[in-house]
2 protein chains.
Amino acid sequence: MSQFSEHIRNLREERKIRQREVAACLKADTAFVSKLEKGERQARREQVLLLAELFNVDKEELLSLWLSEKVYDLVKDEEVALKSLKTAVKKIDNNKKSR
Amino acid sequence: MSQFSEHIRNLREERKIRQREVAACLKADTAFVSKLEKGERQARREQVLLLAELFNVDKEELLSLWLSEKVYDLVKDEEVALKSLKTAVKKIDNNKKSR
DNA sequence: ATTGTCTTGTCAAACAATGACAAAATTACA
DNA sequence: TGTAATTTTGTCATTGTTTGACAAGACAAT
């Protein structure tokens, strides 16, 4: 269970819709949706946008949550995780300034 | 050119060794090393450790630089990059506390 | 017991990454 | 300039990973 997967499950349950409907929106089957909601599969970017539309939530918010999950997965097993993230933040800050 | 790739090139040049020797250390060919140094290939974790040994630098430092590069690559094209990184940092902080 | 919903296991197809090779380009220097 | 060493580029088969489909099982509600 990840932040993102819990979130989309919550959204779906709040709206009282079935996995089948989410599946239709993503053109996938319910097994796939089940796995998304349990964090056993990662959504692709395009799917995140479709979900945001379906649930009528802010796309940037949902994308951000999705991306942070991917980042977390990338670094979670490393001692140097925090340090690396901070370095990455600096790099992005620098790029922003120079643009 | 990435931070990491520039760094390993600098290390090599400081020590005045050839790509051929780096290649031997990694059991690869010089073409591969060239690409590493130009950021056209990403090193694997194991290779980073070998490089740290070869250049006699701190493994954690080098791993950290390598990982931050991967993080950066993951988020660099997204508007929500910074926000996502900050969310990931929080998640790691939380995990630390709870352990 | 039947129906609808969700979950699990498995697998082939799609996709991406790696490392090898050959050949071209560049550099060093006799 | 010639040539030997080094580095770079392009290409490609191999390998590894991810995705989404299917079938079957579990669970819940009635």
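Quick caveat, the model's predicted, so the values are computed rather than measured. Naming convention: chains lettered A, B, ... in sequence-line order (proteins, then strands); numbering from 1 in each chain. Both backbone and side-chain heavy atoms feed into the values below; hydrogens, waters and symmetry mates do not.
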Cationic N near anionic O, under 4.0 Å, B:Arg12 to B:Glu37: yes

Could you please spell out the steps behind the side chain to side chain contact (heavy atoms under 4.5 Å, CB included) verdict for A:Ile17 and A:Leu54? CA-CA 10 Å; A:Ile17 66 180; A:Leu54 177 65; 4.2 Å; yes

If you look at every strand shown and take non-hydrogen atoms under 4.0 Å, does A:Gln47 touch a base, only sugar-phosphate, or nothing? sugar-phosphate

Check the distance between D:dT17's C1' and A:Arg44's CZ and give it to me in whole angstrom. 14 Å

Rounded to the nearest angstrom, tell me the gap between atom CZ in B:Arg18 and atom P in D:dT8. 12 Å

Whether A:Gln42 contacts D:dT17 is assessed here as follows: a side-chain N or O lying under 4.0 Å from the phosphate OP1 or OP2. Is that the case? no

What are the 5'-most and 3'-most nucleotides of DNA chain C lying under 4.0 Å from any heavy atom of chain A? C:dT5 to C:dT10

Got a sec? Which of residues 6-15 of chain A come in under 4.0 Å of DNA chain C, heavy atoms? A:Arg9, A:Arg12

Mind listing the closest non-hydrogen atom pair of A:Ala81 and B:Leu67 along with its distance? CA-CD2, 4.3 Å

Can you name the closest pair of heavy atoms from B:Ser84 and A:Ser68 and give their distance? O-CB, 3.2 Å

Taking atom CD as the centre, does A:Glu79 end up with more than 12 heavy-atom neighbours from other residues, nucleotides or ligands that are less than 6.0 angstrom away? no

A:Lys76 NZ: over 12 foreign heavy atoms closer than 6.0 Å: yes

What distance separates A:Lys16 NZ from A:Glu21 CD, expressed to the nearest 0.5 Å? 13.0 Å

Distance from B:Phe55 atom CZ to B:Asn10 atom CG, nearest 0.5 Å? 10.0 Å

Scoring nucleotides 21-30 of chain D by protein non-hydrogen atoms under 4.0 Å (B base, S sugar-phosphate only, - none) yields BBB-------

Between B:Lys38 and A:Ala43, which has a closest nucleotide on DNA chain D that is more 5'? B:Lys38

Side chains of B:Trp66 and B:Leu51: does their closest heavy-atom pair fall under 4.5 Å? no

Separation between NZ of B:Lys38 and CZ of B:Arg9, rounded to the nearest 0.5 Å: 6.5 Å

Is a salt bridge present between B:Glu78 and A:Arg45, judged by a nitrogen-to-oxygen distance below 4.0 Å? yes

